[in-house]
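All heavy atoms count here, side chains included; hydrogens, waters and symmetry mates do not.
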Amino acid sequence: FPVTIRRSVEQTVNINWSEIDTLISERKLKLAEYAKGINMPVNDFRQAVVSHYGNRVTFRRGRGGGVMFNDQASNE
């Protein structure tokens, strides 16, 4: 579904959530890379992920970081 991002001119970006589901499951979703690919600010993309998934996802920083589902994070 479309997500509206804040800018001087309002812009709508379509996020493919099924692709995001797959990337999170495979632990390959990197916020900065994906946000850049869809021409969206990282903070806005992170906010969209949180609003879509709620507390089902965890964000980790660092080399092994990224976005993962909570059940994946608890298995480490």
**OP:** Check the surroundings of atom NZ in K28: do more than 12 heavy atoms from other residues, nucleotides or ligands lie under 6.0 Å from it?
**Re:** no

Can you find a heavy atom in the side chain of [X] that is under 4.5 Å from one in the side chain of [Y]?
X: I20; Y: I15; answer: yes
X: F59; Y: V50; answer: yes
X: N39; Y: V13; answer: no

Original post:
Could you give the distance from OG1 (T58) to CG (N70), rounded to the nearest 0.5 Å?
Top reply: 3.5 Å

Original post:
Can you tell me how far CD1 of I24 sits from CZ of R56, rounded to the nearest 0.5 angstrom?
Top reply: 8.0 Å

Residue pair [X] / [Y]: nearest heavy atoms and the distance that separates them:
X: K30; Y: R63; result: NZ-O, 4.2 Å
X: A32; Y: V42; result: CA-CG2, 3.8 Å
X: A48; Y: M40; result: CB-CE, 4.3 Å

**OP:** Could you label the plane-to-plane angle of the W17 and Y53 rings as parallel, tilted or perpendicular, counting under 30° as parallel and over 60° as perpendicular?
**Re:** perpendicular

Subject >> Partner set under ring-ring contact (aromatic ring centres under 6.0 Å, His included) for Y34, not counting sequence neighbours >> reply: F45

